[in-house]
Amino acid sequence: MTDATFLENARPDWVSVLRRYVLFSAVGHLLWETAHIPLYTIWVEGTWGEIVFAVVHCTGGDLLIAMSALFLALFVVGDASWPLARRHRVLVVALVFGVGYTIFSEWLNIVIRAAWAYRDIMPVVPVIDAGLTPLLQWIVVPTAAYFAAIGTASAWRRAGR
């Protein structure tokens, strides 16, 4: 069986992969937002209602960013063989979009809009003046969600289906 024939016959349901990515992203971003909110001033200045709203609101935004970054990456470097092929290329481009947007968003919302602020315990990356935890979030969570989502695609390949 040629590689092309194998890919055509064995292609997993990419819609299911995308659904799993969204689910894993939502859970990962919710956990991350909950864990790092004490690094923002809302933790000491806001009410519990404001803190819960911020976590839910930010998780929703994170999910939109995650989906947009992945869809853009698939548009730019993906092809019909994804997720069996080009998986690393798609992930790297999605991470570039996600991290790039995060740097822009942190600058916009902290410096320009003053919509939120870091506490002095937030580690800040020099030069870009962005918080370390938001940057790490956009490397760790999408990577974990991506590999969890395509895990089934790997199982398909091993099974030779």
Side-chain angles (χ1 to χ4, degrees), residues 14-79 81-154:
W14 59 267
V15 173
S16 293
V17 173
L18 292 176
R19 286 180 181 142
R20 284 192 304 274
Y21 178 75
V22 169
L23 175 66
F24 291 131
S25 289
V27 171
H29 285 295
L30 177 62
L31 292 172
W32 196 286
E33 290 295 343
T34 301
H36 87 156
I37 198 153
L39 301 175
Y40 291 86
T41 57
I42 193 171
W43 184 254
V44 293
E45 296 172 359
T47 66
W48 281 108
E50 291 169 331
I51 292 169
V52 169
F53 177 81
V55 168
V56 171
H57 174 80
C58 292
T59 301
D62 293 337
L63 196 53
L64 292 175
I65 297 163
M67 290 186 303
S68 298
L70 181 58
F71 293 153
L72 282 170
L74 286 167
F75 181 77
V76 172
V77 297
D79 69 10
S81 64
W82 184 85
L84 291 176
R86 294 182 173 227
R87 61 178 54 184
H88 293 95
R89 185 177 302 168
V90 168
L91 174 61
V92 168
V93 172
L95 291 175
V96 168
F97 285 136
V99 169
Y101 180 80
T102 298
I103 293 168
F104 167 76
S105 178
E106 294 292 306
W107 167 79
L108 180 66
N109 287 292
I110 290 174
V111 176
I112 303 300
R113 292 183 178 162
W116 64 70
Y118 300 142
R119 289 178 61 198
D120 54 352
I121 60 173
M122 168 70 87
V124 175
V125 178
V127 180
I128 61 173
D129 288 331
L132 179 62
T133 63
L135 292 177
L136 288 175
Q137 176 181 4
W138 282 96
I139 296 168
V140 173
V141 174
T143 301
Y146 185 79
F147 282 117
I150 65 172
T152 301
S154 296

[X] side, atom [atom1]; [Y] side, atom [atom2] - distance, nearest 0.5 Å:
| X | Y | atom1 | atom2 | value |
| --- | --- | --- | --- | --- |
| His36 | Leu132 | NE2 | CG | 11.0 Å |
| Ile65 | Gln137 | CD1 | CD | 8.5 Å |
| Ile150 | Ser16 | CD1 | OG | 14.0 Å |
| Phe97 | Thr102 | CZ | OG1 | 13.0 Å |
| His57 | Glu33 | NE2 | CD | 10.0 Å |
| Phe104 | Ile112 | CZ | CD1 | 9.0 Å |

Which pair of non-hydrogen atoms, one from [X] and one from [Y], has the smallest distance, and what is that distance?
| X | Y | answer |
| --- | --- | --- |
| Pro142 | Leu91 | O-CD1, 4.3 Å |
| Ile51 | Gly46 | CD1-O, 4.1 Å |
| Tyr40 | Pro134 | OH-CG, 3.2 Å |
| Gly78 | Val90 | CA-CG2, 4.0 Å |
| Leu63 | Ala26 | CD1-N, 3.8 Å |
| Arg119 | Val44 | CZ-CG1, 3.8 Å |

Exercise. Would you say the ring centroid of Trp116 lies under 6.0 angstrom from that of Trp107?
Worked result: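 Aromatic pair excluded; centres sit 6.0 Å or further apart.
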Side-chain heavy-atom pair [X], [Y] within 4.5 angstrom cut-off:
| X | Y | value |
| --- | --- | --- |
| Leu18 | Leu70 | yes |
| Met67 | Ser25 | no |
| Leu23 | Arg19 | no |
| Leu39 | Tyr118 | no |

Exercise. Which residues satisfy the side chain to side chain contact (heavy atoms under 4.5 Å, CB included) test with Val140, sequence neighbours excluded?
Worked result: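 Result, side chain to side chain contact (heavy atoms under 4.5 Å, CB included) vs Val140: Trp32.
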Problem set entry | Partner residues of Val99 under the side chain to side chain contact (heavy atoms under 4.5 Å, CB included) criterion, sequence neighbours left out |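 With neighbours one apart ignored, the set is Ile103, Leu135, Trp138, Ile139.
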For this session: Using modelled atom types only, decide if a donor and an acceptor are shared between the side chain of Ser68 and the backbone of Leu64 within a distance under 3.5 Å.
Result: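 Yes.
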Exercise. Are the side chain of Arg20 and the backbone N or O of Ala148 linked by a donor-acceptor pair below 3.5 Å?
Worked result: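 Absent.
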Exercise. Would Ile42 and Glu50 count as a side chain to side chain contact (heavy atoms under 4.5 Å, CB included) if you check the C-alpha gap in whole Å, the side-chain angles of each, and the deciding distance to 0.1 Å?
Worked result: CA-CA 8 Å; Ile42 193 171; Glu50 291 169 331; 4.2 Å; yes
For this session: Check the angle between the aromatic planes of Trp82 and Tyr146 and answer parallel, tilted or perpendicular using the 30° and 60° thresholds.
Result: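 Ring orientation, 0 to 90° scale: tilted.
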Problem set entry | Residue pairs passing the salt bridge (Lys or Arg N to Asp or Glu O under 4.0 Å) test where at least one lies in residues 62-79, sequence neighbours excluded |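 Those involving residues 62-79 are Asp79-Arg86.
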For this session: Go through the steps for Val111 and Asp129 under the test side chain to side chain contact (heavy atoms under 4.5 Å, CB included), then give the verdict.
Result: CA-CA 10 Å; Val111 176; Asp129 288 331; over 6 Å; no
